[in-house]
Amino acid sequence: MSPPDDPHTWLNEHGDYLYRYAMSRLHNDELAQDMLQETLLAGWKGYARFAGQSSIRTWLVGILKHKIIDYIRHEIRGRNLTEAVESDPTSAFFNANGGWSESPDAWKENPEDLYSNEQFQKVLESCIDKLPEKQKIVFRMRDIVGEDTPTVCKCCDITSTHLHVLLHRARLSLRKCLNTHWFEKGTHS
Amino acid sequence: MKQACHYASRLASDSLDRPLSLWERLRLKLHLSMCSNCRNCDNNLKLMRQINTLIRKNHYGQLRLSEQQRQQLHKALDQHDNAIH
Ligand SMILES: [Zn+2]
């Protein structure tokens, strides 16, 4: 008989939830499994400090979240990704007067139809893939994973202003790419 | 207003991440009321955000540990248990 609180019970009750949390952030099966294992063990070791002020699940997610932030920080530092703030690539979308050099189209399709269209998903993936590395990382974390801005800043060692600059760049490039490779073509409807 | 559309696109993007100040909100609203290009851009950005949210909910919401992963994890926890006792 295992007591109600032990890592095996946690694995049975919260394993899928924690795994989803890790997978959505790491996109890597093995890594997500490792993080989950470490989290359960760390939780078990530190169980004395869990005072029951939150649910076990919230507490375990907190541990997992820290481990993932540490991991991503390490990854990003190791790759030494820099992107100059001074030269602004979004300028390319505007003329000297700050007006659009090419008018954005109105997109008529609705999000559900687009989401369930496999071809569109492919175009979206390839457009995201073309972003500069650092923009890609913050865009995925913020807009796909839905991480809050303090967490993204912490992972990437940047200020919130810098984050907003990077997201602005990423979103305008993505908008342009989707417009060119999907909406403007209009071959799919 | 120089750089008006460029700046408006920045505010439209920022509004997805932080509450705009009163001044910024007014400025964006006024600009959007006069500029169909920026209205389109603003709507495009919002549509992109909606699609990304659907990806998150539908794709990652379905994931489960495989039976094999589950067994491996149980085993790893057992080994650790034996190591301390
Ligand atoms: Zn404008």
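In what follows, chains carry the letters A, B, and so on, assigned in the order in which the sequence lines appear, proteins first and then strands, with residues in each chain numbered from 1.
- At a 4.5 Å heavy-atom cutoff, the contact between A:I144 and chain B is made by backbone and side-chain atoms alike.
- Looking at A:F120, the atoms closer than 4.5 Å to chain B (heavy atoms on both sides) all sit in the side chain, from C-beta outward.
- Looking at A:F93 and B:C5, their side chains never come closer than 4.5 Å, going by heavy atoms from C-beta outward.
- A:Y115 has its side chain within reach of B:N58: a pair of non-hydrogen atoms, C-beta onward, lies under 4.5 Å apart.
- Proximity to chain B is limited to the backbone of A:V145, based on heavy atoms less than 4.5 angstrom apart.
- With a threshold of 4.5 angstrom between heavy atoms, B:D17 approaches chain A through its backbone and through its side chain.
- In summary, the side chains of B:S13 and A:H164 do not present any donor paired with an acceptor at a separation below 3.5 Å, with no hydrogens or angles considered.
- Using a 4.5 Å heavy-atom threshold, the side chains of B:H6 and A:D88 count as touching.
- Side-chain contact annotation: A:H27 with B:Y60, donor-acceptor N/O pair under 3.5 Å present.
- Looking at A:L18, there are no atoms closer than 4.5 Å to chain B (heavy atoms on both sides), in backbone or side chain.
- With contacts defined as side-chain heavy-atom distances shorter than 4.5 Å, the pair B:H74/A:N12 qualifies.
- Heavy-atom distances place the side chain of B:L45, and not its backbone, under 4.5 Å from chain A.
- Only the side chain of A:L178 comes within less than 4.5 Å of a heavy atom in chain B; its backbone stays farther off.
- In this structure, chain B has no heavy atom under 4.5 Å from any part of A:S160.
- For a residue to count as touching a neighbouring chain, one of its non-hydrogen atoms must lie under 4.5 Å from one of that chain's; by this rule B:R70 touches chain A with backbone and side chain alike.
- Contact check for B:I51 versus A:L124: side-chain heavy atoms found under the 4.5 Å cut-off.
- Contact check for B:R64 versus A:R20: side-chain heavy atoms found under the 4.5 Å cut-off.
- With a 4.5 Å cut-off on non-hydrogen atoms, A:T149 touches chain B through its side chain but not through its backbone.
- Side chains of A:F183 and B:L47 form a contact here, defined as non-hydrogen atoms less than 4.5 Å apart.
- When heavy atoms are compared at a cutoff of 4.5 Å, B:R56 approaches chain A by way of both its backbone and its side chain.
- Rounding to the nearest 0.5 angstrom, the gap separating the CG atom in B:N52 from the CG atom in A:L174 is 7.5 Å.
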